[in-house]
Amino acid sequence: MVGAAAGVVLAGGGTLAGFQVLEVDTDEAPKLPSHLKGVAPGAHAFFVALDLPESASGDSGKELRHVLKYVNAVRSSGTDLWIGLGASLFHQGGVPPQQLTAMPVFAGDVLDPSHAQGDLLLQCAGRDAEGVRAAVERLLSDLSAWRVRWRIEGFRDENRAEGGRGLARNPFHFTEGFGNPDDVRGLTDRALVRADQGEPEWAVGGSYQVVRIIQLATELWEKDSVPEQERIIGRHRDGRWLDGTPNGEQPNFAADPRGKVTPLDSHVRLAAPDRRNPPPMVRRGYSYDRGDGDTGLIFSCFQRDLAKGFVAVQKRLEGEAMAKYVLTIGGGYFFVPPPGSAWVDALFPS
Ligand code: HEM
């Protein structure tokens, strides 16, 4: 048994958005690592991609131990911090996770190298923007030898927990998060690498993280009526299905084979056509707004199998009705190592 009934201890900061999973008191349900913590993740986040210091001279292990030391020192009750390893970090040694490469260019992507990949991704999420910024600034000064490749700040409007899921409103005015699992077991099953996957032992309990910086053509989007927008997404703005099914239940796509109610090229229909086998990924996106109309999504997702998770869904989304409103300009593939530091010693023995 999992979830609140099985003893997931929730602590609130007075608002729903402040809830965080602190502890799980059954042997059955594993503890959630930082990147999956909390049904409603922090409403603010910072993503910073770094490249190894010039001085690293092949000793990635030493540099990573430094990073972990500072990350642990900066972690506080109001912020969650974690790192992701880029494929290029392994160029000088170490056995990488099997599926870790640089993020390829998918149909329609126009990747700007100054916004893509990086040896390491630092991510900080928390309740207030100031706390998150302060944590990141402190870390960057501690890690000043690393070179910042790109950085982007995100936020989640109307960040909240509902029915065991974290929800937020994206710049297209749609509520996101319903497709995620509503319990601890569901999250870990989809996101954490298992021992039987043939991955290197150090990687068990870690996750593949995909980040996509997606510009949204909000002006073009606003020209469409709300019903048109809802047919492009395949849900109402509040998450209800177009066939009237409540947001927490499964729609009946089989009764609508031609897509008269929920178009076949709608986002959700392509992303998750088989309602009994949802895509094995956990999505935790943020909005961004850099002024001058540069708004969009920092799409972020975690999975234990990159090919079955993100890649399969991304390929199915080619040609979706939403394609003309979105442009992916950056991001990358990373691997979030398991909690603790044993993995560094296994990967790069000192
Ligand atoms: C381009 C910007 C995107 C927007 C505006 C967007 C928006 C949405 C919305 C509103 C939903 C319905 C609510 C929910 O279940 O969360 C949704 C669902 C989903 N999206 Fe996206 N999304 C975007 C990109 C992506 C990408 C890049 C992927 C993966 C490659 C993806 C995968 C999914 C999946 C798997 C679902 C759940 C479908 C389900 O289980 O019903 N989305 N998205």
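Heads up: numbering here begins at 1 and tracks the sequence. Whatever order the structure lists them in is the order used to number ligands and atoms, beginning at 1.
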In terms of residue, atom name and distance, what is the protein heavy atom nearest to [atom]?
atom: atom 38 (C) of ligand 1; answer: A272 CB, 3.7 Å
atom: atom 15 (O) of ligand 1; answer: G179 N, 2.8 Å
atom: atom 9 (C) of ligand 1; answer: E176 CG, 3.8 Å
atom: atom 42 (N) of ligand 1; answer: H267 NE2, 2.9 Å
atom: atom 37 (C) of ligand 1; answer: R283 NH2, 3.3 Å

Under a 4.0 angstrom heavy-atom cut-off, which atoms of ligand 1 come close to [X]?
X: N170; answer: 5 (C), 7 (C)
X: L297; answer: 2 (C), 3 (C), 4 (C), 5 (C)
X: I233; answer: 10 (C)
X: F178; answer: 14 (C), 15 (O), 16 (O)
X: G177; answer: 14 (C), 16 (O)
X: W241; answer: 41 (O)
X: F310; answer: 30 (C)

Location of contacts on [X] toward ligand 1, heavy atoms closer than 4.0 Å:
X: P279; value: side chain
X: R269; value: neither
X: M322; value: side chain

Query - Candidate with minimal heavy-atom separation from atom 10 (C) of ligand 1, of F106, F172, F174, F299 - result: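 The residue whose heavy atom sits nearest atom 10 (C) of ligand 1 is F174.
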Query raised in the report: Of the choices Q314, Q229, H173, which has the non-hydrogen atom that lies closest to atom 30 (C) of ligand 1?
Result: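 It is Q314 whose heavy atom sits nearest to atom 30 (C) of ligand 1.
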Report task. Specify whether F172 and Y325 have parallel, tilted or perpendicular ring planes, treating 30° as the upper limit for parallel and 60° as the lower limit for perpendicular. Result ->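 Perpendicular, since the angle between the ring planes exceeds 60°.
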Requested in this report: Give me the ring orientation class for W202 and F335: parallel if the planes are under 30° apart, tilted from 30 to 60°, perpendicular past 60°.
Outcome: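 Plane angle over 60°, so perpendicular.
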State the [atom1]-[atom2] distance between [X] and [Y], to the nearest 0.5 angstrom.
X: Q209; Y: Q123; atom1: CD; atom2: CD; answer: 5.0 Å
X: D51; Y: Q117; atom1: CG; atom2: CD; answer: 9.5 Å
X: I83; Y: C124; atom1: CD1; atom2: SG; answer: 13.5 Å

Requested in this report: Taking the side chain as every heavy atom from C-beta outward, state whether Y286 and I152 have any atom pair closer than 4.5 Å.
Outcome: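 They are not in side-chain contact.
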Requested in this report: Answer whether the closest heavy-atom distance between the side chains of P171 and W221 falls below 4.5 Å.
Outcome: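 No; the side chains remain at least 4.5 Å from each other.
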Query raised in the report: Do any N or O atoms from the side chain of R151 and from the backbone of F47 form a donor-acceptor pair under 3.5 angstrom?
Result: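 No, R151 side chain to F47 backbone: no donor-acceptor pair under 3.5 Å.
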Report task. Sort out for me which residue in D119, L139, L122, L121 forms a side chain to side chain contact (heavy atoms under 4.5 Å, CB included) with L50. Result ->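 The residue from D119, L139, L122, L121 that satisfies side chain to side chain contact (heavy atoms under 4.5 Å, CB included) with L50 turns out to be L122.
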Query raised in the report: When you look at NE2 of H236, are more than 12 heavy atoms from neighbouring residues, nucleotides or ligands closer to it than 6.0 Å?
Result: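 More than 12 heavy atoms, drawn from other residues, nucleotides or ligands, come within 6.0 Å of this atom.
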**Report entry** ligand 1 N/O within reach of T175 N/O, cut-off under 3.5 Å
**Finding:**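 No; the residue has no nitrogen or oxygen that sits under 3.5 Å from a nitrogen or oxygen of the ligand.
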**Report entry** Polar proximity ligand 1 side, R275 side, N/O cut 3.5 Å exclusive
**Finding:**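 Looking only at distances, the answer is yes, because the N/O contact criterion of under 3.5 Å is met.
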Query - Ring-face cation of R284 near F302 (centre distance under 6.0 Å, axis angle within 45°) - result: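 Relative to the ring axis of F302, which defines the angle, R284 lies outside at least one limit.
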Report task. Tell me whether the centres of the aromatic rings in W82 and F334 are closer together than 6.0 Å. Result ->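 Not under 6.0 Å, so no.
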